[in-house]
Amino acid sequence: MTDLEITRLCAKATGHYSYAGNCHDPSYRPLHDDNQAMALVKKFRLLVTPIFNGRTGADWVVSSYLGDCAAEDITLNRACCKCVANMEAKKS
């Protein structure tokens with residue numbers, strides 16, 4: 001999934017999305033904004049787990065409280081966004 005697709009799906013899940021097919025809030029950037037990424041954690045009750053994989057240091061595993069998504073990434077924001085994007089993609 002590209003950054004644009006991840007951001008679009010997160011925007012759709014949180015109401016920052018217009019039905020014209022794009023994000024109607026240009027300041028919505030949860031991949032880069034810590035506050036927006038943590039808002040995803042709170043809204044979707046995401047479980048965040050740091051793991052140590054040896055080759056790159058700490059990675060993050062993020063899953064939903066209900067178990068309907070899981071994502072792993074080297075950055076916390078991206079792991080949170082990927083998890084929410086996966087949940088939203090399953091809805092469609």
Side-chain angles (χ1 to χ4, degrees):
M1 216 180 290
T2 66
D3 286 358
L4 185 59
E5 291 169 325
I6 292 169
T7 302
R8 183 182 60 80
L9 288 167
C10 286
K12 192 173 179 182
T14 58
H16 291 91
Y17 182 79
S18 72
Y19 291 103
N22 57 4
C23 183
H24 63 77
D25 183 356
S27 65
Y28 187 70
R29 300 170 25 125
L31 287 169
H32 305 285
D33 187 309
D34 293 344
N35 292 330
Q36 292 171 356
M38 290 307 106
L40 295 174
V41 172
K42 289 173 68 176
K43 179 174 182 153
F44 296 101
R45 300 185 69 185
L46 302 179
L47 303 172
V48 177
T49 307
I51 60 170
F52 185 77
N53 67 16
R55 70 177 200 284
T56 59
D59 276 350
W60 299 94
V61 175
V62 176
S63 58
S64 73
Y65 182 71
L66 300 174
D68 50 356
C69 82
E72 179 180 338
D73 203 89
I74 196 165
T75 65
L76 178 57
N77 288 11
R78 182 173 297 282
C80 294
C81 291
K82 283 168 67 174
C83 185
V84 171
N86 289 338
M87 281 193 298
E88 189 62 32
K90 286 179 184 178
K91 286 183 186 178
S92 302

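- In this structure the side chain of T14 never reaches within 4.5 angstrom of the side chain of Q36, judged on heavy atoms.
- Under the 4.5 Å side-chain criterion, counting only non-hydrogen atoms from C-beta, R45 is not in contact with L66.
- Using a 4.5 Å cut-off between side-chain heavy atoms of Ile, Leu, Val, Met, Phe, Trp and Tyr, with links allowed through other members, V41 and Y28 fall into the same hydrophobic cluster.
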T75/L31 under side-chain contact (heavy atoms from CB on, under 4.5 Å): CA gap, chis, key distance, verdict
CA-CA 9 Å; T75 65; L31 287 169; over 6 Å; no
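- Between A79 and V62, the closest heavy-atom pair is CB-CG2, 3.6 Å.
- Taking the side chain as every heavy atom from C-beta outward, T7 and P30 approach each other to under 4.5 Å.
- Considering all non-hydrogen atoms of both residues, V48 and W60 come closest at CG1-CE3, 3.6 Å.
- Here the options are M1, K82, M87, the test is side chain to side chain contact (heavy atoms under 4.5 Å, CB included), and the partner is L9; only M1 passes.
- Taking NE2 of H32 as the start and CZ of R78 as the end, the distance is 7.0 Å to the nearest 0.5 Å.
- Cluster annotation: L40 and L76 are assigned to the same hydrophobic cluster (Ile/Leu/Val/Met/Phe/Trp/Tyr, side-chain heavy-atom contacts under 4.5 Å, transitive).
- Residue-environment remark: NZ (K90) exceeds the threshold of 12 foreign heavy atoms within 6.0 Å.
- When all heavy atoms of N86 and A70 are compared, the pair lying nearest together is ND2-O, 3.6 Å.
- Looking at every heavy atom in both residues, C80 comes nearest to M38 through SG-CE, 4.4 Å.
- With C10, the cysteine C81 has an SG gap of 2.5 Å or longer.
- With respect to E88 and K91, a salt bridge is recorded, a charged nitrogen being found less than 4.0 Å from a carboxylate O.
- Here CG of D68 is found 7.5 Å from SG of C83. Values are rounded to the nearest 0.5 Å.
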